[in-house]
Amino acid sequence: MTTHHQTLDELLDERLAAGDVPPLPAFAAAATRDRDDSARAAAAADPLGFWAEQAGELLTWSKPWDEVLDSSNAPHHEWFKGGGINASVNALDRHVEAGRGDKVAFLWSGEQGEERAVTYAELLDTAERLASVLRSRGIVEGDVVGIYLPMTPEVAAAMLACARIGAIHNVVFGGFSPESVAERMEVSEAKALITAAGARRKGKTVAVKATIDPLLASIPSIETVIVVPTAGDAPQSGAPAEALDPPMQDGRDLHFAEALAAADPHCEPAPTTAQSPLFILYSSGSTAKPKGILHHTGGYLTGVAWTFAHQFDLRDDDVYFCTADVGWVTGHSYLVYGPLINGATSVMYEGAPDYPSKSIWWELVERHKATIFYTAPTAIRACMKWGTELISKHDLSSLRLLGTVGEPINPKAWHWYFHVVGGDRCPIIDTWWQTETGHCLVTTLPGVDAMRPGSCGKPLPGVAIEVVDEDGQPVPAGTQGLLTITQPWPGMLATLYGDDDRFVDTYFSKFGKDTYFVGDFARMDPDGYLWVIGRADDVVKVSGHRLSTAEVESALVSHHAVAEAAVVGQPDEDTGQAIAAFVTIEDDYEGLDEADLTAELREHVAERIGKLARPKRMVFTPDLPKTRSGKIMRRILRNLVEGKPLGDTSTLRDPSIVETIEAEMKKG
Ligand code: WTA
């Protein structure tokens, strides 16, 4: 204890030095789910029995499963084999049938201040009608439907409409460019696309449907386009006409509202099973080609339902606020399926965290008396920068639990979150997982485990992890190694859509078919707490968004002035990592103004992938560090941007290139 008036900085430093934060007694006393670690013990003794019990308790099955887990075709593990289950029925119908139709599913706020409360009964009505429309257009079980929508409740209805008829939804994040959408539709051979007339972002409205139209013409599989009106009560001034009233192609395009009004309000759910594919989510890997991560229904819903209820210690009267976009896996698992399966009420915000003001999130917490808040470390660091005053003006006393996801959180930001947002009252769960894992696998159980800022905690019940060396041998506690998962878990990806060989190769070849290769560097401390260090492959995390360096390279070299490009992630105090691009220009274009070219290339990447992939740093260089056989040594570039020793450079064809690049880096 200090006696003088402590500054916030001093307080945070003092707490940093203090180490663990024990479970908070008041929270623990009021906890509704776990009061001790018995779930871990039960699951360790009988993992299959544990998951079977959860699946039976949390979900409604139309037919019992024949087998909890069939691993005879490993690494293709089949959970709850033969069980009949429909995701839409579990998320909607059963709550309405139980008399909870008037409970609010989503408290939606538009960026111009609009408010909409959508109940479970209303969401079911929309999902059923939309499912009827899709079915009437010939969409059947196993067909792929693309969804490219801003953050409105329609996005959840669209996902559930697909699930209802057994169609596989393929959601593309609204921040990805139309070209990315088209690519993902093409490779998944989507039969329909549900999109919006326009999207609002920070006070501007842009056309969406009209922008995608020219690209759709070359995707013959798309037979139906359903166009949701631009969100909001009234057209914004300055909105382009085609963002409000886009051109429609006869026979292919349908207006959402008109189609729903005319649709059969009842749509019998398809007899889907635990093994029915539920969704594809394209995510970045080590190559320029995104991976279509495919999740099946039964296991995924079990893992998501259990983790949502337990990691957030869910209560019936909770108001849960997850800031993730639905286009990422966090949005799928913990904004749509987790909350809806559990019958929870969620706040959904359409806009950016700094629009219309940098305190919009706290206004929403106060207005809706949110009890649980889940966001990414990058957002927490931004809020720290924007200042504590923005937060202290608001009454956040309704909050009782906080969470983070997507990237490591630095301990100081953790303590700031705990103190300033959580008022020292709310446990923080640092949830580690991936698009592939479907749901959280490692975190502290609130009220049960001590929290260790910077570490995400211990494996959840029924989850087995190991940190190993390159040969797959476990490394001693405290030593950095490669993270692996050594036992099947319910939400594990089923395969990569249309590329099963890549699935086996990426995840189950390095250490064999029984060990899932995560792709993260990590260390486990002597108490069994996991410290994730970062990616071990060519994936970068920019503001928690997963991007592939190969994808950015391929976008850069598609520009006519670029001869070669190498992209690496560089540490960034705001966004965790940022994109650094090393670019060699074609001879014909030398002498161009570097600032102009930088702007042009950034714009080019935005068009090809999306604004989030624009390189923050661009270094022009006459050559790249290459081996004698011409292979680019990205390791050297990575060490350069991280300011680390370069390591062995003797295999470089031209060692002097390193100095040239260093000089260029100093210029920029
Ligand atoms: C990283 C996001 C540290 C990790 C849900 C993982 C984390 C990748 C954490 C998956 C965390 C996720 N602490 N790192 N709590 N959560 N990661 O597929 O590198 O977008 O492999 O899923 O994010 O990213 P993805």
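Source: prediction; values computed, not measured. Ligands are counted one by one from 1 in listed order, and the atoms in each one are counted from 1 as well.
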Report task. Any chance you could measure T431, atom OG1, to F312, atom CZ, to the nearest 0.5 Å? Result -> 6.5 Å
Query raised in the report: Could you state the interatomic distance from OG1 (T378) to NE2 (H545), rounded to the nearest 0.5 Å?
Result: 8.5 Å
Query raised in the report: Does a side-chain N-to-carboxylate-O contact under 4.0 Å join K385 and E573?
Result: yes
Report task. Would you check if there is a donor-acceptor pair between the side chains of T152 and E154 at a distance under 3.5 Å? Result -> yes
Report task. Specify whether W328 and F173 have parallel, tilted or perpendicular ring planes, treating 30° as the upper limit for parallel and 60° as the lower limit for perpendicular. Result -> tilted
Requested in this report: Below 4.0 Å from any atom of ligand 1, which residues have a heavy atom? Give them in chain and number order, please.
Outcome: V329, T330, V405, G406, E407, P408, D430, T431, W432, W433, Q434, T435, D520, V532, R535, K541, R546
Query raised in the report: Would R634 and D538 pass as an ion pair if we require N to O under 4.0 Å?
Result: no
